[in-house]
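By convention in this document, chain letters (A, B, ...) are assigned in the order of the sequence lines, proteins followed by strands, and residues within each chain are numbered from 1. Note that the structure is predicted; figures quoted are calculated from it, not measured.
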2 protein chains.
Amino acid sequence: MFSKACEYGIRATVQIALQSEKGLRIGLKEISNAIDSPEPFTAKILQQLAKNDIIISSKGPTGGYEMSSNQLSTIMLSDIVKTLDCDLIYTGCGLGLATCDAKNPCVLHFQFDDIREQLKKMLENTSIQQLARSRESGDTLLRL
Amino acid sequence: MFSKACEYGIRATVQIALQSEKGLRIGLKEISNAIDSPEPFTAKILQQLAKNDIIISSKGPTGGYEMSSNQLSTIMLSDIVKTLDCDLIYTGCGLGLATCDAKNPCVLHFQFDDIREQLKKMLENTSIQQLARSRESGDTLLRL
DNA sequence: TAAATAAAGGACAAAATTATCTTTTATTTT
DNA sequence: AAAATAAAAGATAATTTTGTCCTTTATTTA
């Protein structure tokens with residue numbers, strides 16, 4: 001459903017949020033290890049997230065990535081999806097038609113409408129912080 | 001969400017169903033024109049569908065593609081999805097983890113469960129025939 | 001039986017995605 | 001100011017997906 005970049009991006013952001021809640025920064029190596037992703041590719045993805053103000057990056061010997069408390073409390077899954085993929089996954093036509101709406105519906109339009117709406121709601125209402133907390137409590141995982 | 005191959009495959013199958021309900025076969029050229037897809041690629045996709053008994057193909061001057069009445073009444077969207085993509089879209093982990101289930105859930109597992117279940121239900125319960133009929137009635141489209 | 005037709009099959013190309021590697025830039029520490 | 005560190009940026013490579021082209025096979029028709 002999501003691109004590999006987006007999957008890694010979500011997982012990395014949750015890992016960064018985990019550390020940020022403890023007041024710590026976390027570097028690339030540790031992130032990619034924690035989420036089991038290729039380092040250089042993950043670096044690219046994190047650059048995009050930083051550029052779009054989803055995370056904060058710092059260079060230098062005490063550098064790394066973190067999230068501000070404002071970011072922690074406001075960033076939703078949809079923010080990451082929009083940055084790394086695009087929102088077509090929950091706004092676009094299930095059959096790839098460029099123009100598909102209630103006025104000109106594709107054959108799958110009505111079947112997909114509900115699912116798309118639910119996906120949209122989930123993405124827009126699931127915060128990185130709550131995902132970090134479920135990870136923190138040990139209830140969920142970021143890697144195998 | 002679906003691959004281009006799967007999108008074309010669904011649209012093509014609906015178009016074939018439309019013709020089959022009128023007792024007609026339809027050739028590749030007409031199909032790809034009706035759904036606005038690249039002919040040679042569509043041919044490849046139709047080959048796969050025929051190989052998996054979703055449609056029937058015939059060579060020769062009166063050849064083309066069709067669906068039997070049994071196929072018309074039994075083929076579901078999920079059959080096409082399973083053939084052309086795989087069912088990971090509604091059985092797999094939202095974050096791409098190879099092992100993610102209720103025992104070892106990823107951070108997104110519980111958010112996705114409902115959506116995945118709905119998607120599964122929709123795909124397994126939407127028949128090609130009903131999609132063809134909504135197209136026939138002019139309520140929906142297969143192309144722009 | 002030959003010709004025509006349309007699908008099947010295989011090879012190849014282009015584009016996109018995933019991933020790797022190298023260099024540059026910014027920051028801290030000594 | 002130099003050295004070390006870590007991110008940013010850019011280039012390149014590998015893989016996958018999408019798409020194109022050519023040949024072969026199977027069937028019908030005259």
Trace of the side chain to side chain donor-acceptor pair (under 3.5 Å) decision for A:T42 with A:E39: CA-CA 5 Å; A:T42 305; A:E39 234 179 87; over 6 Å; no
Rounded distance in Å - [atom1] ([X]) to [atom2] ([N]):
| X | N | atom1 | atom2 | answer |
| --- | --- | --- | --- | --- |
| B:L46 | C:dA8 | CG | P | 8 Å |
| A:R25 | D:dA7 | CZ | C1' | 11 Å |
| A:I56 | C:dA26 | CD1 | P | 19 Å |
| A:E66 | C:dT27 | CD | C1' | 14 Å |
| B:E30 | C:dA6 | CD | P | 11 Å |
| A:Q48 | C:dT18 | CD | P | 11 Å |
| B:F41 | C:dA13 | CZ | P | 18 Å |
| B:N52 | C:dA8 | CG | P | 12 Å |

Does B:K59 contact D:dT25 through a side-chain donor or acceptor facing the base, at a distance under 3.5 Å? yes
Result for 5'-nearest mapping on DNA chain D, choosing between A:P61 and A:Q47, is A:P61
By nearest nucleotide on DNA chain D, pick out whichever of A:P40 and A:G60 is the more 5' one.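 It is A:G60, whose closest nucleotide lies nearer the 5' terminus.
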Using the side-chain contact (heavy atoms from CB on, under 4.5 Å) criterion, which residues pair with A:E30? Sequence neighbours excluded. A:Q19, A:I26
Non-neighbouring partners of B:T83 that pass side-chain hydrogen bond (donor to acceptor under 3.5 Å, both in side chains), sequence neighbours left out: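 By the side-chain hydrogen bond (donor to acceptor under 3.5 Å, both in side chains) rule, B:T83 matches no residue at all.
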Distance test, side-chain N/O of A:S57 to OP1/OP2 of D:dA8, below 4.0 Å: yes
Is there a side-chain polar atom (N or O) of A:Y8 under 4.0 Å from OP1 or OP2 of C:dT18?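 It does not, given that no N or O in the side chain of A:Y8 lies less than 4.0 Å from OP1 or OP2 of C:dT18.
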Heavy atoms only: give me the nearest B:L18-B:E136 pair and the separation to one decimal.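 It is CD2-OE1, 3.3 Å.
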Base, sugar-phosphate or nothing for [X]? Non-hydrogen atoms, less than 4.0 Å.
| X | answer |
| --- | --- |
| A:L28 | sugar-phosphate |
| B:K44 | base |
| B:P38 | sugar-phosphate |

Quick test of your reading of the model: are A:E7 and A:K4 salt-bridged, counting only N-O distances below 4.0 Å? yes
